[in-house]
2 protein chains.
Amino acid sequence: MKALTDPAPGDTDGGATIYQVAERADVSIATVSRVLRGTAPVAAATRARVEAAMAALRFTPSRLGVSLAERHHAANGIVFPDLSGPYFAEVVLGYEEVAAEVGRSVLILSTHGRQAAREMVLDLAARVDGMVVLARTVDDEVIAEVLGKNIPVVVVARDRVRGADSVNAENEHSAEALGAHLAAHGHRSFAFMGDPEISADAYHRWTGLTRALRAHGVNVPQRPVACPFDEDGGREAAAVLLGTDPPDALVCANDEIALGAITAAEQMGIRIPDDLAVTGWDDVMAARHSRPGLTTVRQPMRQLGAWAARRLHERLGGDTSAPRHEVLPTQLVVRASCGHHNKEDR
Amino acid sequence: MKALTDPAPGDTDGGATIYQVAERADVSIATVSRVLRGTAPVAAATRARVEAAMAALRFTPSRLGVSLAERHHAANGIVFPDLSGPYFAEVVLGYEEVAAEVGRSVLILSTHGRQAAREMVLDLAARVDGMVVLARTVDDEVIAEVLGKNIPVVVVARDRVRGADSVNAENEHSAEALGAHLAAHGHRSFAFMGDPEISADAYHRWTGLTRALRAHGVNVPQRPVACPFDEDGGREAAAVLLGTDPPDALVCANDEIALGAITAAEQMGIRIPDDLAVTGWDDVMAARHSRPGLTTVRQPMRQLGAWAARRLHERLGGDTSAPRHEVLPTQLVVRASCGHHNKEDR
DNA sequence: GCCGGGTCTGTAAGCGCTTTCACGAGGGGG
DNA sequence: CCCCCTCGTGAAAGCGCTTACAGACCCGGC
């Protein structure tokens, strides 16, 4: 179980190259390449010799060599702000899943709000055939720069960028539906938490909400309460807000903010939903397990990523049609945090 | 704002190469490379010309060319079963964060329990300088194969593999502590949910639990209840278990199983914690928002990934010392789901 | 017997970089 | 005034593959 099948001594490093295989099989590297890819007929006997040599040397072609010769990477990238919440993780998962299906590796890049985002994205661009950019991780001009290198880009959860495909979850209508539902509950004083400046989604949710409130003759809050999109952000901002001028309905740009706000409210002795209605966005796992259950808007997070991956694949397949802009439907999920309902509340 | 700074016509594709820059600056490609990397002195005037040319052509060196010449990828991979739960997402995030800090791109690969895992991992191995493997995504022999190509591997949440570094969260002691706590609550009939066959973590948790039970003279369940590590898995398995032979304490291998079990129990009219204690593992966001709050064991998920990234970096820096095996501490988090306590229950 | 057409294989030219080596031009010390 | 060293630069050899292009060989048909 040794000797014969062991790699030739001396190939201490990395792995065998096509040259070593060729030499061992006593053929030219062209022939090895041909059996590797099946691009041309190879005599059965020769093929057998080559295959034996490959096996003996545990040969795996160098991706670098292949890619350089083929002039593409067979890899795609995805850029997101961070992976801390469930939202981006789900999108990335949906993306990876279909990317893998169509045979492309995926490189991830989290900008972490770092200054160097531009450089990082450009570096990524040099390693992939195409990429998807989530939310406002980088400026439009960086995306333009990437597109300028002939690398297709599809943006997700972000306003359209010239020359790039895009996919978003529907925001305004669901925000209107949410606002209408809340107004029907009798809530008259609203606040919106989340920063429309740093998230296109938040912007459209805010827009839709204000429109609904106006339509229902409800006072529209002056401005959104800008806060980070995580639990701490929601908790801290809510603590301030509820301490000074408590509204009776709190519409949050995502579930984490909402859950943070609920924590703050409970600490202050404010009862949900009796004293304060709170709603989120996304429908993450914690939303359905929290008590009261969090009223929220479910987004097709996985599908967002999947759509992006498929579109990118089409582009890389040579599709040069005009950019497409997809909007995926969302769904209002009413639970107990926005007020009591007839049904058994949870 | 046109003309001068525009890329030369004709470079319709991909991007400029070092040759075009060299030609435009009227120097050799060696000189361009030198200003690019600062590896040798270049006269100020020459440097300026080259830089101007690079800017005009929007030149970015081809990663493929660089890597092939440098003989490494400047990229690492990470393999995980899937990203659906918060656990793996957090580990990946922790990994990406430090990998990015030390200047390495990261490739992700989710095996999704696919048959082709071996091929996928080997393909990944051809694209990276090192990789981390989470849990039991592939067999030891695949890892050996990767190591054989001189690619360092660090495994996470998995038993040791010859030749690879490893990092795990402490399992047995915390499981014992958990078991002791539960026994002190007076629970006498236990069940464990999660499949020790497919998760090293689950195996050690099961082991620790049984040891604690024995130490406290409590009946040890015959065997664990094998179920998928997600909510549905927990819910379905719990529905069966609670319908036939309900224990009074249910120790689950992760929070999602636990949350699913709680859902099933509530549907059957079983009260938590009065009729049944339930505990999880990980301390994900939903664990602290669910009511009753879920008693669980907090794992340093981010740090698991971060440690792996750092260790890999050391290896790639030339460290050839014996494999290191790190165990990160965990923390029992007692909430209401395991029984009433003196403190205000949540 | 010669020719056209497969089949199979090798030669060599890239792909876009890095880096070694060699060389010419200046400059300071002896 | 010559030698030696440093500085600045170009030529060219890789890195590990893919893929024209071309040549050798073997058939069968005329």
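Computed from heavy atoms alone, side chains included, the values below leave out hydrogens, waters and symmetry copies. Order of the sequence lines fixes the chain letters, A, B, ..., with proteins taken first and strands second; residue numbering starts at 1 for each chain.
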So, does [X] get its side chain near the phosphate of [N], meaning an N or O under 4.0 Å from OP1 or OP2?
| X | N | value |
| --- | --- | --- |
| A:Arg37 | D:dC17 | no |
| B:Arg63 | C:dG16 | no |
| A:Ser33 | D:dC17 | no |
| B:Ser62 | C:dG16 | no |

Nearest to the [X] side chain among [options], which nucleotide is it?
| X | options | value |
| --- | --- | --- |
| B:Ser28 | D:dG16, C:dC17, D:dA11 | D:dA11 |
| A:Ala43 | C:dG10, C:dC8, D:dC17 | C:dC8 |
| A:Val66 | D:dC17, D:dT19, D:dT9 | D:dC17 |
| A:Thr31 | D:dC17, C:dC17, C:dT9 | C:dT9 |

Figure out the [atom1]/[atom2] separation between [X] and [N], and round it to whole Å.
| X | N | atom1 | atom2 | value |
| --- | --- | --- | --- | --- |
| B:Leu68 | D:dT18 | CG | P | 12 Å |
| B:Arg71 | C:dT20 | CZ | P | 12 Å |
| A:Glu23 | D:dG16 | CD | P | 14 Å |
| B:His72 | C:dC17 | NE2 | C1' | 13 Å |
| A:Ile18 | D:dG16 | CD1 | P | 11 Å |
| B:Leu64 | D:dG16 | CG | P | 14 Å |
| A:His73 | C:dC15 | NE2 | P | 15 Å |
| A:Ile29 | D:dT18 | CD1 | C1' | 9 Å |

- Note on the structure: Tested for side-chain hydrogen bond (donor to acceptor under 3.5 Å, both in side chains) against B:Asp129, the lone hit among B:Arg315, B:Arg104, B:His313 is B:Arg104
- Query: Does a donor on one side chain sit under 3.5 Å from an acceptor on the other, for B:Ser166 and B:His325?
  - Reply: yes
- Message: When you measure only distances, ignoring hydrogens and angles, does the side chain of A:Arg34 come within 3.5 Å of the base of C:dG10 through a donor and an acceptor?
- Response: yes
- Can you find a donor-acceptor pair, distance only, under 3.5 Å between B:Tyr19 side chain and C:dC15 base? no
- Message: Less than 4.0 angstrom from a charged side-chain N to a carboxylate O is my criterion; do A:Glu70 and A:Arg37 meet it?
- Response: yes
- Basic-acidic side-chain contact under 4.0 Å: B:Arg158, B:Asp140: yes
- Query: Across the strands shown, which category fits B:Thr46 at heavy-atom distances under 4.0 angstrom: base, sugar-phosphate, nothing?
  - Reply: sugar-phosphate
- Message: If the test is side-chain contact (heavy atoms from CB on, under 4.5 Å), which one of A:Asp319, A:Val132, A:Val167 qualifies with A:Arg311?
- Response: A:Asp319
